[in-house]
Every structure is written in structure tokens, then in C-alpha cells.
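Side-chain atoms are counted along with the backbone in the values below, which use heavy atoms only and exclude waters and symmetry mates. The first residue of the sequence shown is numbered 1, and numbering continues consecutively from there.
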Amino acid sequence: MEEHVPEIDFQPDKRTIEDLFVGADYYVIPRFQRPYSWDAANVDDFWRDVVYDNSVGYFIGPMVAWRDAESPVRRLVDGQQRVTTIAIMFAVLRDQFEALGETNLAAGVHRYLEKADRNNEQRFTLQTEVDSRFLSQAVFKSPPEAGIKPQSDEEEALFKALDAIRKRIGEEVAKRQDPLDWLRDLRDRLLGLRVIWIEHSNE
């Protein structure tokens, strides 16, 4: 009897960050992936590409994921540094909107970071197999828990990226009489970023 070998779909698909962060999908960074390691130079380059040098719809490269049949969970094989940085930027944007009293705009951004699953339980859109209380509770949670400190080299890198992004957005807000238009533009730039999405499935 011939053994059934599951088909693996390697078809690339053009998507935006908004496509990835809305809907029923959740993303997990597997334990075997290298830890978050972007430094100030990486964040600077990404910030310049997203905010200053390119128009809405800028292409940020491929992202590769694996999923089991019928599962809403995608395990990121490539692209975890970029998607984590984007998620941190969403969190800082949310907090800026909240600080300006724009609770509806803050909630609109937060829905990209946390949403109800099939059981109507709230789950973060981006998760890690290696437990990171700092990322989930001090960054993604609304409101974030300020007292949580980094407990590993990876969390220290996450903290430095968070701090760098806070400073950059804070500087832009401080120099504008009405920063809401700029903050909304940044939100739309992030949501409009384009990727080539490659999904491996055992369907």
C-alpha cells in the first residue's frame, strides 16, 4: 500500500502587514529560531526605510511560515526580526494615542496586537514559544506593565528596540503642534508595508 505524503504548498503570496495582523491568524516564533537581536543600527535602518525614504506600500522582503492543517497558528521560519519590530512600533503608537487622549485610535491599533480567538479568549497576535513576560506584558499588553524588567539577553534587546522607537516617535510628536496626522500616517505606513508571504502547510 502506497504511503500518503502530505502536500506542501510553497506558493508565495503578496500581502500587507494589515493582512497579516487582522483576521483569525496568530504568529508564533518557534523555540529554534534565533532570538530577537536587532540593535540600534538595525532599528535606525528600518525606521528610515519605513518613515522617510519610501512611500506607503514599501516592500520589506519575504516572510516564511509553517502551519498545520486547519490551525490559525503560523510558526514564523523567516521574518521574525521584522515582524517583532513592527509589533513593537504598533505598541508604541497605541501608547502615544492613549497619552494624547485618543482612546478610539489607541484601541484601533491595539486590535492588531491582541484579539479574540475561536473560544473568544484574548490572545496576542504575536507570541513566542520561549516565554517572554517582558514582550507580552510590558510591551503588548494594554496598558503595559511598567515594572517588568528584561530577564535575558533577548529581552534586553527587545527593551532597547522599544526604547529607541519610543524616543523616535516621541521626538516627532514633540515637534508638531498637532501630531495626530503624523501618528495616523505612521500607522498607515506600517499597515501598508508589503511582504512576500510563503506558507508551508501539511494539508
Side-chain angles (χ1 to χ4, degrees), residues 7-30 33 36 38 42-43 45-97 104-129 135-136 139-142 161 165 169 181-203:
E7 293 184 8
I8 300 178
D9 182 10
F10 289 95
Q11 290 300 314
D13 184 19
K14 293 179 182 178
R15 298 189 186 182
T16 65
I17 289 298
E18 186 165 24
D19 293 333
L20 298 182
F21 276 79
V22 299
D25 292 343
Y26 298 86
Y27 304 94
V28 171
I29 299 172
Q33 286 295 325
Y36 185 85
W38 270 18
N42 297 126
V43 173
D45 288 344
F46 190 73
W47 176 265
R48 187 168 54 251
D49 284 343
V50 171
V51 178
Y52 293 118
D53 290 350
N54 295 285
S55 59
V56 174
Y58 174 63
F59 174 67
I60 59 171
M63 290 188 180
V64 182
W66 174 270
R67 74 177 177 90
D68 293 325
E70 306 302 324
S71 173
V73 175
R74 273 69 176 154
R75 283 178 163 74
L76 290 172
V77 178
D78 181 56
Q80 71 272 19
Q81 308 283 329
R82 284 165 286 158
V83 79
T84 302
T85 304
I86 290 166
I88 293 171
M89 292 178 78
F90 280 140
V92 176
L93 266 174
R94 174 202 62 204
D95 296 343
Q96 280 286 348
F97 281 132
N104 282 342
L105 290 174
V109 173
H110 185 70
R111 70 190 179 98
Y112 299 115
L113 297 172
E114 187 177 22
K115 57 197 176 188
D117 64 11
R118 293 171 178 176
N119 298 320
N120 202 33
E121 295 178 357
Q122 292 294 317
R123 295 174 59 189
F124 294 114
T125 305
L126 181 64
Q127 304 160 32
T128 58
E129 283 188 343
L135 185 62
S136 62
V139 182
F140 294 160
K141 184 179 178 182
S142 180
I165 292 165
I169 293 180
D181 284 345
W182 183 86
L183 289 170
R184 282 190 289 250
D185 180 69
L186 178 58
R187 175 201 61 194
D188 295 345
R189 283 175 174 273
L190 291 174
L191 293 171
L193 292 172
R194 294 182 299 120
V195 304
I196 296 295
W197 182 256
I198 303 171
E199 190 169 286
H200 305 263
S201 171
N202 65 0
E203 287 183 311

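- The backbone N or O of Gly57 sits less than 3.5 Å from a side-chain atom of Arg194, completing a donor-acceptor pair.
- Atom-to-atom distance recorded for Leu186:CG and Gln96:CD is 10.0 Å, nearest 0.5 angstrom.
- Using cut-offs of 30° and 60° for the angle between ring planes, the Phe140 and Phe124 rings count as tilted.
- Relative orientation of the Trp47 and Tyr52 rings is perpendicular, given thresholds of 30° and 60° on the angle between their planes.
- Applying the salt bridge (charged side-chain N to carboxylate O under 4.0 Å, His left out) test to residues at least two apart or on different chains, the pairs with a partner in residues 82-95 are Asp78-Arg82.
- In this structure, a donor-acceptor pair under 3.5 Å is absent between the side chains of Thr128 and Tyr36.
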Step-by-step salt bridge (charged side-chain N to carboxylate O under 4.0 Å, His left out) determination, Arg123 to Glu114: CA-CA 5 Å; Arg123 295 174 59 189; Glu114 187 177 22; over 6 Å; no

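- Side chains of Ile29 and Glu129 form no contact here, defined as non-hydrogen atoms less than 4.5 Å apart.
- A heavy-atom distance below 4.5 Å is not found between the side chains of Phe90 and Thr85.
- Expressed to the nearest 0.5 Å, how far CG of Leu113 lies from CD1 of Ile86 amounts to 11.5 Å.
- Looking at Tyr26, its side chain does come within 3.5 Å of a backbone N or O of Lys115 through a donor-acceptor pair.
- Remark: the backbone N or O of Tyr58 is not paired with any side-chain donor or acceptor of Asn54 at under 3.5 angstrom.
- Nearest heavy-atom pair across Ala24 and Pro72 is O-CB, 3.3 Å.
- A distance of 6.0 Å separates CG of Leu93 from CG of Leu183, quoted to the nearest 0.5 Å.
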List the steps and the verdict of side chain to side chain contact (heavy atoms under 4.5 Å, CB included) for Ile198 and Asp13. CA-CA 6 Å; Ile198 303 171; Asp13 184 19; over 6 Å; no

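- When all heavy atoms of Thr84 and Gln80 are compared, the closest pair comes out as OG1-O, 2.6 Å.
- Counting only heavy atoms from C-beta outward, the side chains of His110 and Phe97 never approach each other to under 4.5 Å.
- Checked against side-chain hydrogen bond (donor to acceptor under 3.5 Å, both in side chains), Arg187 has no partners two or more places apart in sequence or in another chain.
- One finds the OG1 atom of Thr16 at 7.5 Å from the CG atom of Leu191 (value rounded to the nearest 0.5 Å).
- Between the Asn119 side chain and the Glu121 main chain, no donor and acceptor come within less than 3.5 Å of each other.
- Here Ser142 contributes atom OG and Gln122 contributes atom CD; the two are 11.0 Å apart, rounded to the nearest 0.5 Å.
- Two residues are said to be in side-chain contact when any heavy atoms from C-beta on lie closer than 4.5 Å; Lys141 and Val139 fail this criterion.
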Ile196 vs Lys14, side chain to side chain contact (heavy atoms under 4.5 Å, CB included): CA-CA, chis, key distance, verdict: CA-CA 5 Å; Ile196 296 295; Lys14 293 179 182 178; 3.6 Å; yes

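- Each salt bridge (charged side-chain N to carboxylate O under 4.0 Å, His left out) pair with one or both residues in residues 16-26, not counting sequence neighbours, appears once here: Asp25-Arg74.
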Could you walk me through whether Arg189 and Asp185 pass salt bridge (charged side-chain N to carboxylate O under 4.0 Å, His left out), step by step? CA-CA 6 Å; Arg189 283 175 174 273; Asp185 180 69; 3.0 Å; yes

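- For Tyr27 and Trp197, the distance between ring centers is under 6.0 angstrom.
- In this structure, Val43 and Ala161 approach most closely via the heavy-atom pair CG2-CB, 4.1 Å.
- At most 12 heavy atoms of other shown residues, nucleotides or ligands fall within 6.0 angstrom of atom CG in Asn104.
- Atom CH2 of residue Trp182 and atom CD1 of residue Ile169 lie 5.0 Å apart, to the nearest 0.5 angstrom.
- Ile17 and Leu190 make their closest contact through CB-O, 3.2 Å (heavy atoms, listed as atom of the first residue, atom of the second, distance).
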Residue pair Val83, Met63: steps toward the side chain to side chain contact (heavy atoms under 4.5 Å, CB included) verdict: CA-CA 9 Å; Val83 79; Met63 290 188 180; 4.1 Å; yes

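- Minimum interatomic distance between Arg67 and Val73 (heavy atoms only, all atoms of both residues): CB-O, 3.5 Å.
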